[in-house]
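Remarks on the structure that follows.
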2 protein chains.
Amino acid sequence: MVRHRVYRNRIGGMKELKNKCSTCVLGQFCLPVGLSPADIGRVDSLVDKRLHLKKGDSLYRHGDPLSAVYSLRFGSLKTEHTLPDGRLQIIGFHLPGEMLGLDGIGESQYQLNAIALEESEACVIDFHELEGLAHQIPNLQQQFHRIMSRELTQDQRHLLSLGSLRAEERLAGFLINFSVRLAARGYLNNEFTLRMSREEIGSYLGIKFETVSRMFSRFAESGLIQLQQRHVKLIDMDGLYELAGQPNPLHLNTIKTPC
Amino acid sequence: MVRHRVYRNRIGGMKELKNKCSTCVLGQFCLPVGLSPADIGRVDSLVDKRLHLKKGDSLYRHGDPLSAVYSLRFGSLKTEHTLPDGRLQIIGFHLPGEMLGLDGIGESQYQLNAIALEESEACVIDFHELEGLAHQIPNLQQQFHRIMSRELTQDQRHLLSLGSLRAEERLAGFLINFSVRLAARGYLNNEFTLRMSREEIGSYLGIKFETVSRMFSRFAESGLIQLQQRHVKLIDMDGLYELAGQPNPLHLNTIKTPC
DNA sequence: CGAGCGTTTGAAATCGGTCAACAGCAGTGG
DNA sequence: CCACTGCTGTTGACCGATTTCAAACGCTCG
């Protein structure tokens, strides 16, 4: 089950010119947000290599000393905690443009395992260099703070889900959250393929995989979604939002009184 | 139920000399960790006022624009999320020396409500000034990053608890967590008074208050703790650690082979 | 094509939730 | 000082959502 870390790309020739934030399509979601072109050029130098991961490979593991934070370029990862008795909790699923490894900063060693759900690639950002550059570029510092804070907020919403919602509501919220994050990156957001198993979804949501499966079937039966294995099509967004206990933000505008 | 924010101390005379980190006993847990005395002197200038809160007062509320982050001087707070339908999830309980308001950075407005559980006082740290000073003092920047990351880690452990542990284990973990945090601050850690109701503990742990009450009674009956209303005395730490599914760190040394 | 997962579905069991009654204690006001 | 009121906490009995156990199905990949 546990694979070892793989640094496929470590051997030579890594400081390639093409590892540049300035030309990366994810720039608008990643570290360089709000920087001038000149400053983005300086951020380029932070990304001295990229790591290519196969499904199941670890990006980092609990206890590894912190050396870098990572920005996902393509693919998807999960982060997880394990208990001594073997139980396991998935903390997050991570999409392109998101930063990984922030859990390692507090104690100078990573607190989680970060594992690829599919073929993925991450930019390696030496953390000390990042702090150094953030010290020189205030906008970079601010952006980094925003990213950490949003990560906090994401986990806090997740806490709300695990602490206060029923299985059905959690799963609806999960689908919506995925859809929103995909849309923000310009991906198709009403139809996508889940890269993780029912068991992993269950772990993330604090329920058993059989329950996930049952809820999916129920959603499909009531016409909220269509399912073909891991491929999901969201049919009735309003219904999903309602189930998740949130108002559909798309309708807020229409309800609001115009000024 | 909902009280309005109270800025008792806002009226004049607030820039007192005694608002100094340099002389604050919490310095070793707070922002100034790792700074030279000279730099701590510069941090003093960040704390331009303190807020005094009575039980039930809000330090900040969901949606308020971010202006400051806070460091708790004495007392205790809870942070919480609310759902449109009235359900509520307590995200954290906060002790002296801990920072509040980090949830507000990502979107420039606070995402949670922060409410005093008792008479409390918080240092008000203008966030833009903090970023400015962190820009000048690398150690301050690093310490701030560590604080944010630890906050993240704390929430992630909480996720593990809500997602993977049974009620009994969650409550044992809660008591241990409290004990550890009190000990870190030099407080008595095997005997303390909980500032929050059974209902608030339940909300934090994702269980109902009746369950909290039952589990407490069970713990007391099996000799793990002693209870008098909200006053708790931890009797059998090993038993609690075992219940919480963690090894007692105090015994790790004795088990480890000496080098 | 067959082995091994991952998934679905059903039936039984259980943990925690819900409902309800009551006890304890704090604050109020006579 | 002692009802009275209201809130918090405890405990019991019953209920129900989710888990557990089990069986069968169907991808996927070697």
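Side-chain atoms are counted along with the backbone in the values below, which use heavy atoms only and exclude waters and symmetry mates.
Aromatic ring pairs are classed by plane angle as parallel below 30°, tilted from 30° to 60° and perpendicular above 60°; the pair Tyr204(B) and Phe93(B) is tilted. By the 30° and 60° cut-offs, the orientation of the rings of Phe219(B) relative to Phe216(B) is perpendicular.
Here the C1' atom of nucleotide dG16(C) and the CD1 atom of Ile207(A) are 16 Å apart, to the nearest Å. Atom P of nucleotide dA23(D) and atom CD of Glu210(A) are separated by 14 Å, given to the nearest angstrom. What separates CZ of Arg195(B) from C1' of dT8(D) is a distance of 16 Å, to the nearest Å. Note: CE (Met196(B)) to C1' (dC7(D)) measures 18 Å, nearest angstrom. When the P atom of dA26(C) is taken as reference, atom CD of Gln228(B) falls 13 Å away, rounded to whole Å. Taking atom CZ on Arg198(B) and atom P on dC7(D), their separation rounds to 18 Å, with Å as the unit. A straight line from CG of Leu162(B) to C1' of dG16(C) spans 14 Å, rounded to a whole angstrom. One can place NZ of Lys208(A) at 17 Å from C1' of dA22(D), the figure rounded to the nearest angstrom.
Each of Glu168(A) and Phe209(B) lies near DNA chain D, and the nucleotide nearest Phe209(B) is the one positioned closer to the 5' end.
With Tyr60(A) as reference, Asp103(A) is the one residue of Thr79(A), Asn113(A), Asp103(A) to meet the side-chain hydrogen bond (donor to acceptor under 3.5 Å, both in side chains) rule.
The pair Lys208(B)-Glu210(B) fails the salt-bridge criterion, with no side-chain N (NZ, NE, NH1 or NH2) lying under 4.0 Å from an Asp/Glu carboxylate O.
For the pair Ser213(B) and dG9(D), the criterion of a side-chain N or O lying under 4.0 Å from OP1 or OP2 is not met. At dG9(D), one or more side-chain N or O atoms of Arg230(B) fall inside 4.0 Å of OP1 or OP2 (strictly under the cut-off). The side chain of Ser197(A) places no N or O atom within less than 4.0 Å of a non-bridging phosphate oxygen (OP1 or OP2) of dC5(C).
Ranking dT28(D), dG16(C), dT19(D) by closeness to the Gln229(A) side chain, first place goes to dT28(D).
Between the side chains of Thr153(A) and Gln111(B), no donor N or O sits under 3.5 Å from an acceptor N or O.
Arg214(B) contributes a side-chain N or O that forms a donor-acceptor pair with the base of dT18(C) under 3.5 Å.
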